[in-house]
Student: 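Please see the structure below; I have some questions.
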Amino acid sequence: MPELPEVETVRRSLLPRVVGRTIVAVTVAERRLRRPIQPDFERRLAGQRIDAIDRRAKYLLFALSRGDWLLAHLGMSGSLIVRATASPSVLHDHVRLRLDDDNELVLNDPRRFGLLKVGAAARAADWPELRVLGPDPLDSTLTSEQVGALLRGSKRAIKNLLIDQTALGGVGNIYANEALFRARIRPTRRTGRVRKAEVAPLLDALRAVLEEAIDLGGSSISDYRDGDGRPGYFQLRLQVYNREGEPCPACGASIRRVVQSGRSSFYCPKCQI
DNA sequence: AACAAGACCTGCATGC
DNA sequence: TGCATGCAGGTCTTGT
């Protein structure tokens, strides 16, 4: 489900409802997520106040009052929702953090590809999960020269590189396809065949598509919801993703779908070279 | 050693 | 209606 814009939307929706609240009780109904939930997870979280929520790529980091962090990833189908403790639990509610205001923060994740982990890294970047991540494309210090160097160091198809989290952190399949459409680059093009003059526009396209998606609350393709249960609306603006056979919004040619490394790519055969 | 392929899960749409 | 198939926003492991 969630790429960078969806995760950022979840972060923003949780801020006013969760920051400053103390976790008073922890219930784990299902420990088998992407990694098993730690044995001391409940004991360790109980009693800590949530002081901040940060995001790194597709991960959320909850800063806790005793110096711990709660690391969260939503996988393909996860959602973090705040709701009244009294409300009935739903299928696939795996973890519930009861807060001191009669609300609870719930991880619901049908496919169980998500991750929750508590740890005491001195800095957020010390997490092993985060250390391997490439730069966030929205990081204003990232330059097109750095992206150019990334492209030169690889022989892969450009879309595969864009969604590689060790190259760039936070870009997933939807927004990689959309950014490549805007930059008029075919997803299958080898990185070495991207001209120097195309690199800055590609980074601009990535940033624009991610920022526009955040402004619209992300894309709700099937069931994505933010922490208040609200859907996003960026899917209405998707120009190629999931639009095989439909006319290109720029030229009218029929949008094509190809499979790259097991994932669908969508592009306009006329606009994208 | 850089890639790609397959695995991990459940749910949904499609087609027979 | 029921069943089989394929596909899905992600990452991790395995193999070439």
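We name chains A, B, ... by the order of the sequence lines, and we start the count at 1 in each one.
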Student: Give the ring-plane orientation class for A:Y175 versus A:F234, where under 30° counts as parallel, over 60° as perpendicular and anything between as tilted.
Tutor: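 Judged by the thresholds at 30° and 60°, the geometry between A:Y175 and A:F234 is tilted.
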Student: Please tell me which of the listed nucleotides, C:dG10, C:dC7, C:dG9, lies nearest to the side chain of A:Y224?
Tutor: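 Taking heavy atoms from C-beta onward, the closest nucleotide is C:dG9.
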Student: Once you apply the 3.5 Å cut-off to both distances, tell me the Watson-Crick or G-U wobble partner of C:dG9, or none.
Tutor: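 With both distances under 3.5 Å required, C:dG9 matches none.
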Student: With a 4.0 Å cut-off on N to O distance, would you call A:R49 and A:D51 a salt bridge?
Tutor: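 Looking at A:R49 and A:D51, the cut-off is met.
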Student: Which part of the nucleic acid, if any, lies within reach of A:F234 when heavy atoms closer than 4.0 Å are counted: base, sugar-phosphate only, or nothing?
Tutor: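 Contact class for A:F234: none.
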Student: Does a side-chain N-to-carboxylate-O contact under 4.0 Å join A:D228 and A:R17?
Tutor: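 Answer for the salt bridge query: yes.
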Student: Taking pairing as Watson-Crick or G-U wobble with both contacts under 3.5 Å, can you name the mate of C:dT1, or confirm there isn't one?
Tutor: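 Per the H-bond distance test, none.
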Student: Check every strand shown and say whether A:R32 touches a base, only sugar-phosphate, or nothing at a heavy-atom separation below 4.0 Å.
Tutor: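 No contact at all - A:R32 keeps every heavy atom at 4.0 Å or more from the nucleic acid.
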Student: Select one nucleotide: of C:dC7, B:dC3, B:dC9, the one nearest the side-chain heavy atoms of A:S154.
Tutor: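 For the A:S154 side chain, the nearest candidate turns out to be B:dC3.
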Student: Should we count CZ of A:R66 as having more than 12 external heavy atoms under 6.0 Å?
Tutor: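 Count over threshold, so yes.
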Student: Please give the distance between the P atoms of C:dC7 and B:dA5 as a whole number of Å.
Tutor: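 It comes out at 15 Å once rounded to the nearest Å.
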Student: Taking atom types as they are modelled, is there a donor-acceptor pair under 3.5 Å from the base of B:dC9 to the side chain of A:R112?
Tutor: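 For A:R112, whose side chain was compared with the base of B:dC9, there is no donor-acceptor pair (under 3.5 Å).
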Student: Is it the case that the base of C:dA8 and the side chain of A:R111 share a donor-acceptor contact (distance under 3.5 Å, atom types as modelled)?
Tutor: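 Under the 3.5 Å cut-off, the side chain and the base do form a donor-acceptor pair.
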Student: Ignoring backbone atoms, establish whether A:H92 has a side-chain N or O less than 4.0 Å from OP1 or OP2 of B:dC9.
Tutor: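 Answer no for this pair, as no side-chain N or O of A:H92 is under 4.0 Å from OP1 or OP2.
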